[in-house]
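Remember, it's 1-based here, ligands and their atoms both numbered in the order they're listed.
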Amino acid sequence: MAVTVTQECIGCGVCEQVCPFGAIEMQGSKAFITEACTQCGACVGVCPVKAIQREDEAKQVTMDKTEYRDVWVFVEVAEGKPRSVGLELLGEGRKLADFMGQNLAGVLIGNNIAELTNEVFAAGANKVYLVEADELAHYNTDGYTATFTDLINTYKPSVILMGATNDGRDLGPRVACRVGTGLTADCTGLGIDEATGLVAWTRPAFGGNIMATILCPEHRPQMGTVRPSVFKRQVPDYTRSGEIVRVASKVKSQDIRTKLIDVLKVCTASCNLEEAEIIVSGGRGLCKPENFTLVEELANVLGGAVGASRAAVDAGWKPAIHQIGQTGKTVGPKIYFACGISGAIQHMAGMSSSDIIIAINKDPDAPIFNMADYGIVGDVAEVLPVLTEEFRKIKAS
Ligand code: FAD
Ligand code: SF4
Ligand code: SF4
């Protein structure tokens with residue numbers, strides 16, 4: 001696509017004012033489109049003499065979309081178990097597959113993982129593509145990209161869902177590029193566009209100020225990564241079964257440019273936020289870094305994980321792996337304690353699907369109370385030790 005200004009331009013300057021990217025400069029009595037243009041099209045309709053044109057490049061799509069069928073979910077494996085996000089996506093993928101009247105398949109890549117097929121069927125799939133090889137025992141970019149690309153080229157799925165995890169974010173765009181399709185990253189919602197029947201991928205845009213819904217009309221498969229904990233995991237049904245398609249790996253050890261030397265576990269139970277049933281989070285209202293021990297003590301007593309607002313992370317009170325929110329992790333625990341957190345929209349974006357939210361804040365008008373199920377108005381430094389002590393007593397009895 002290209003946006004151009006024709007000779008008819010009368011230099012009125014209207015387009016310069018509407019361009020959200022400052023991409024139009026007036027040069028003498030003519031408008032000039034600079035390299036900052038994102039081809040958003042906002043200027044096209046405002047020109048009083050229709051001097052701005054946006055040309056679509058001739059579409060060179062030769063893909064036969066009818067060849068592509070079925071919904072796939074990449075089920076990541078970590079320490080011999082499927083990651084929670086893969087099972088959450090199977091539940092959501094089941095709904096899409098049922099609507100489209102197609103199969104839901106889980107994709108399992110690893111080594112000695114055949115027994116996990118039961119978990120994948122129980123979570124909603126009726127088919128599993130299973131690739132096992134020594135070279136795939138741990139996630140590696142080269143081996144997994146080649147394997148996934150090969151699966152797509154052979155079996156031609158219509159839709160692929162992946163977790164927006166470290167591995168999913170590494171794998172998804174590479175695979176999409178190899179097979180010549182697009183990818184909507186970091187989705188927070190999935191649906192079906194009624195007019196086209198395409199998957200409607202929803203994700204925050206422009207700093208979270210709007211939610212954008214994206215379609216992939218010209219290419220297949222339709223691909224997206226979805227944040228962990230956005231969808232609730234369905235209750236597994238172990239009476240379910242399905243077809244297992246074993247696919248031989250074509251990856252050779254010399255194809256893999258990286259070598260796994262060691263795995264260092266920096267994340268203990270306290271930062272395993274995506275899997276935690278209880279999370280105790282602290283914000284700027286803790287007032288000083290030492291007060292995070294109050295949050296940690298409550299989390300310890302409850303067997304929960306420790307979260308933090310971005311303000312607390314930016315202040316250096318907690319490492320970024322604890323951050324919850326739009327630019328941190330998305331969580332969905334049974335209970336979420338927000339301690340000294342105001343409830344900014346960007347924080348809420350990461351924890352609003354928690355079952356029960358308990359807020360502690362000294363300001364009774366703090367926005368977090370609008371979302372909280374239970375609110376305690378008070379100083380965190382006083383309230384937290386009391387709560388911890390009470391829970392400790394209850395547990396002991
Ligand atoms: P504050 O907003 O300063 O709130 C502190 C709260 O503590 C106040 O409500 C105050 O009343 C209360 N308080 C003060 N003292 C006490 C006390 N002694 N006892 C009890 N309560 C007390 N934020 C995130 O958290 N996660 C994100 O991922 C994220 N991403 C962002 C992305 C973008 C693009 C932008 C622009 C912002 C993002 N933010 C994010 C920042 C967000 O807008 C807020 O600035 C941030 O969440 C505020 O953190 P806070 O609630 O800890 O601090
Ligand atoms: Fe600006 Fe959009 Fe027009 Fe490009 S298409 S010049 S970005 S308004
Ligand atoms: Fe030229 Fe049209 Fe822009 Fe006016 S709005 S400066 S006529 S291109």
Any Ser158 side-chain heavy atom under 4.5 Å of Val71 side chain: no
Within the side chain of Ser249, is there an N or O that forms a donor-acceptor pair under 3.5 Å with the backbone of Val251? yes
So if I count the atoms of ligand 1 from 1 in the order they appear, which ones are less than 4.0 Å from some heavy atom of Gln326? 27 (C), 28 (O)
Tell me whether Gly340 has any N or O atom under 3.5 angstrom from an N or O of ligand 1. yes
Below 30° counts as parallel, above 60° as perpendicular, anything between as tilted: where do the rings of Phe74 and Phe148 land? perpendicular
Are side-chain heavy atoms of Ser281 and Val306 found at a separation under 4.5 Å? no
Numbered in order shown, the ligand 2 atoms found under 4.0 Å of a heavy atom of Phe21 are 7 (S)
Give the numbers and elements of all ligand 1 atoms closer than 4.0 Å to a heavy atom of His347. 24 (C), 25 (O), 47 (O)
For atom 5 (S) of ligand 2, the closest protein heavy atom turns out to be Gly41 N, 3.2 Å
Using distance alone, determine whether Ala344 and ligand 1 share an N or O pair under 3.5 Å. no
The protein heavy atom nearest to atom 1 (Fe) of ligand 2 is Cys19 SG, 2.3 Å
For the NZ atom on Lys30, are there more than 12 heavy atoms of other groups (residues, nucleotides or ligands in this structure) within a distance under 6.0 Å? yes
Is atom 4 (Fe) of ligand 3 less than 2.8 Å from at least one N/O/S atom of Cys15? no
Pairing of Asp186 and Arg169 as salt bridge, 4.0 angstrom limit: yes
Give me the residue, atom name and distance of the protein heavy atom closest to atom 2 (Fe) of ligand 2. Cys40 SG, 2.4 Å
Going by the atom numbers of ligand 1, which of them fall below 4.0 Å from some non-hydrogen atom of Gly283? 52 (O)
Do Asp167 and Thr165 have side-chain N/O donor and acceptor atoms under 3.5 Å apart? no
So, 4.0 Å and heavy atoms of Cys43: is ligand 3 close enough to count as a contact? no
May I ask you to list the atoms of ligand 1 that are less than 4.0 angstrom from any heavy atom of Thr327? 27 (C), 28 (O), 29 (C), 30 (N), 31 (C), 32 (C)
Over 60° means perpendicular and under 30° means parallel, so tell me whether Phe292 and Trp317 are parallel, tilted or perpendicular. perpendicular
Against heavy atoms of Asp363, which atoms of ligand 1 measure under 4.0 Å? 11 (O)
Report yes or no: does Asn291 contribute a side-chain atom to a donor-acceptor pair with the main-chain N or O of Leu286 at less than 3.5 Å? yes
Could you tell me, atom by atom, which parts of ligand 1 come under 4.0 Å of a heavy atom of Ile324? 24 (C), 25 (O), 26 (N), 27 (C), 28 (O)
Only heavy atoms count here, so choose which of Lys362, Lys329, Glu382 is nearest to atom 15 (N) of ligand 1. Lys362
Ligand 1 to Gly325, heavy atom cutoff 4.0 Å, flagged ligand atoms 26 (N), 27 (C), 28 (O)
For side-chain hydrogen bond (donor to acceptor under 3.5 Å, both in side chains), just list the numbers for Arg94 and Asn126, CA-CA rounded to whole Å, side-chain angles, deciding distance to a tenth of an Å, and then say yes or no. CA-CA 9 Å; Arg94 182 73 266 162; Asn126 55 296; 3.0 Å; yes
Give the residue, atom name and distance (to 0.1 Å) of the protein heavy atom nearest atom 7 (S) of ligand 2. Thr38 N, 3.4 Å
Looking only at protein heavy atoms, identify the closest one to atom 4 (Fe) of ligand 3 and say how far it is in Å. Cys12 SG, 2.3 Å
For ligand 3, note which part of Val46 has a heavy atom under 4.0 Å away: side chain, backbone, both or neither. neither
For ligand 2, the portion of Ile24 having any non-hydrogen atom under 4.0 Å away: side chain
Out of all atoms in ligand 1, which are within 4.0 Å of some heavy atom of Ser309? Include the element for each. 25 (O), 49 (O), 50 (P), 52 (O)
Has Cys9 got an N, O or S atom lying less than 2.8 Å from atom 1 (Fe) of ligand 3? yes
Parallel, tilted or perpendicular: which describes the rings of His347 and Tyr336, with under 30° parallel and over 60° perpendicular? tilted
Side chain or backbone of Ile10 under 4.0 Å from ligand 3, or both, or neither, by non-hydrogen atoms? both
Ligand 2 atoms in contact with Cys37 (distance to a heavy atom under 4.0 Å): 4 (Fe), 5 (S), 6 (S), 7 (S)
Could you work out, for atom 17 (C) of ligand 1, the closest of Gly285, Gly378, Ala366 by heavy-atom distance? Gly285
